[in-house]
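Here, residue 1 is the first one in the sequence, and each next residue gets the next number. All ligand and atom numbering here is 1-based and tracks the order in the structure.
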Amino acid sequence: MPFVTLREVLEDAQRNKYAVGAFNTNNMEIVQAIIEAAVEERAPVILQASQGALKYAGIDYIMGLVRAAEKNADVPIVMHLDHGTDFDQVMMCLRKGFTSVMIDGSKHPLEDNIAITRKVVEAAHPMGVTVEAELGRIGGTEDDIHVSESEAAFTVPEEAKTFIEQTNVDALAVAIGTAHGVYKGEPKLRFERLKRITELIDTPLVLHGASGVPEEAVRKAIDMGICKVNIDTNIRQAFTKALHEYVNDNPEVFDPRKILSPARSAMKEIVKEKIRLFGSSNRA
Ligand code: G3H
Ligand code: ZN
């Protein structure tokens, strides 16, 4: 099935109160795990490449792997740039065939975030590519992006309204208490803030840093208007745990295919679990 955009999958999610999983991908095994999970669950899915993925695999390998997977998959797939850093990087992704991009201007003051986001929207929309932005600052670490607790900042609902009016983005990542990476304690989501944001804007909202958030909280956030949920850390953890276990149990094995197969299966299982949690099974 040809790639689709965020708008095409998030509209239905928003209308029917479920979320589409956005899963980070870095190599062939991860792409296969995500796509097989989505196909078996009959779920629309978002594959996304982070800064680390682009650095590790390179954009051509990522795009080549995803195109190969898309050829045989009969579910809607969005190819999305995660936490895009600047205009030039977005342009590169447009040229390579991404159907969606995130421009993360959250480290900038509001006016600058609006300016860079608007510039990206003006370039992407005429090419039929959707845009996600971030407002407020999500804490934690993902690849090279480190946001300390003191730098993290919740999304201000009134600013979200201004931001949407001035940028016309297709999806907005909100900072409501989640963080990238592994949580030290249990994350506490600010539902009042989420509610206020949804009272002021209709734009589909995105939950980053969703690995490790209790299932109840994820469900509640989706029920309140989150339409896209990002998962990276849980996939990495599933991969590494299965790989360690296999190598520990089979120290004599040196065939990478044997070592990586259980890791790929473990990632597929976690992606399926998330898809069911997000309510996107049988929505393709
Ligand atoms: O952009 C990617 C996600 O926000 C990753 O979040 O570290 O909780 O999996 P995670
Ligand atoms: Zn993120």
Side-chain angles (χ1 to χ4, degrees), residues 6 10 19-26 30-31 33-34 37 45-57 62 78-85 89-90 93 98 100-107 113 117 130-149 151-155 169 171-189 194 204-215 217-218 221-222 226-241 266-267 269-275 277-278:
L6 268 194
L10 296 190
V20 181
F23 302 102
N24 284 80
T25 187
N26 297 281
I30 304 177
V31 170
I34 297 167
V45 71
I46 300 160
L47 285 171
Q48 51 187 22
S50 67
Q51 299 308 302
L54 297 179
K55 221 185 263 177
Y56 172 76
I62 292 281
V78 180
M79 186 55 213
H80 184 70
L81 169 67
D82 192 27
H83 295 283
T85 51
Q89 183 178 62
V90 166
C93 290
F98 282 53
S100 189
V101 290
M102 176 181 188
I103 177 72
D104 181 356
S106 63
K107 65 172 183 236
N113 191 355
T117 303
T130 44
V131 181
E132 172 186 343
E134 178 172 324
L135 187 64
R137 243 188 132 186
I138 295 157
T141 297
E142 187 183 21
D143 296 333
D144 294 343
I145 303 172
H146 310 283
V147 179
S148 68
E149 272 177 39
E151 289 169 320
F154 292 121
T155 305
V169 283
L172 184 66
V174 287
I176 54 167
T178 56
H180 293 123
V182 178
Y183 287 98
K184 288 192 198 102
E186 190 173 294
K188 188 176 172 304
L189 270 61
L194 177 58
L205 301 178
V206 185
L207 190 68
H208 282 242
S211 298
V213 176
E215 292 194 352
V218 172
I222 293 171
I226 293 289
C227 305
K228 172 178 181 272
V229 180
N230 284 14
I231 298 287
D232 187 357
T233 299
N234 280 159
I235 298 176
R236 298 179 188 200
Q237 289 169 324
F239 177 97
T240 308
K241 183 169 179 282
M267 293 189 289
E269 273 321 298
I270 189 78
V271 172
K272 285 174 91 168
E273 262 175 44
K274 297 293 175 186
I275 286 174
L277 172 66
F278 303 160

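- Ring geometry for His83 against His180 counts as perpendicular: the plane angle is over 60°, on a 0 to 90° scale with 30° as the lower cut.
- Contacts with ligand 1 closer than 4.0 Å are made by no heavy atom of Ile235, backbone or side chain.
- At least one side-chain heavy atom of Leu81 sits less than 4.5 Å from a side-chain heavy atom of Leu54.
- No side-chain donor-acceptor contact under 3.5 Å links Tyr183 to the backbone of Thr178.
- Among residues two or more places apart in sequence or in another chain, the ring pair (Phe, Tyr, Trp, His ring centres under 6.0 Å) test is passed with His80 by none.
- Contact check for Val147 versus Ile138: no side-chain heavy atoms found under the 4.5 Å cut-off.
- Side chains of Ile226 and Val174 form a contact here, defined as non-hydrogen atoms less than 4.5 Å apart.
- Side-chain contact between Cys93 and Ser100 is absent, with no heavy atoms from C-beta onward closer than 4.5 Å.
- Taking a cut-off of under 4.0 Å to the non-hydrogen atoms of Gly181, the atoms of ligand 1 that pass are 7 (O).
- Counting protein heavy atoms only, atom 3 (C) of ligand 1 is closest to Asn230 CB, 3.3 Å.
- Less than 2.8 Å away from the Zn ion (ligand 2), the protein contributes these N/O/S atoms: His83 NE2, His180 NE2, His208 ND1.
- Here Ala171 pairs with Leu6, Leu10, Glu132, Val206 under the side chain to side chain contact (heavy atoms under 4.5 Å, CB included) rule; sequence neighbours left out.
- Here Asp232 pairs with Asn24, Glu142, Arg236 under the side chain to side chain contact (heavy atoms under 4.5 Å, CB included) rule; sequence neighbours left out.
- The proximity of Ser50 to ligand 1, defined as any non-hydrogen pair under 4.0 Å, does not occur for either the backbone or the side chain.
- For atom 1 (O) of ligand 1, the nearest non-hydrogen atom of the protein is Asp82 OD2, 2.7 Å.
- Residues Ile231 and Phe278 are in side-chain contact: their nearest non-hydrogen atoms beyond the backbone lie under 4.5 Å apart.
- Close contacts between ligand 1 and His83 involve ligand atoms 1 (O) [criterion: under 4.0 Å to a heavy atom].
- Contacts with ligand 1 closer than 4.0 Å are made by backbone heavy atoms (N, CA, C, O) of Ile231 only, the side chain lying farther away.
- Proximity to His208 (heavy-atom distance under 4.0 Å) selects the following atoms of ligand 1: 1 (O), 4 (O).
- With Thr25 contributing its side chain and Ile30 its backbone, the two residues share no donor-acceptor pair below 3.5 Å.
- Protein heavy atom nearest atom 7 (O) of ligand 1, with residue, atom name and distance: Thr233 OG1, 2.6 Å.
- Comparing Val206, Asn234, Asp232 against atom 5 (C) of ligand 1, the shortest heavy-atom distance belongs to Asp232.
- Atoms of ligand 1 lying under 4.0 Å from any heavy atom of Asn24, numbered from 1 in the order shown and given with element: 2 (C).
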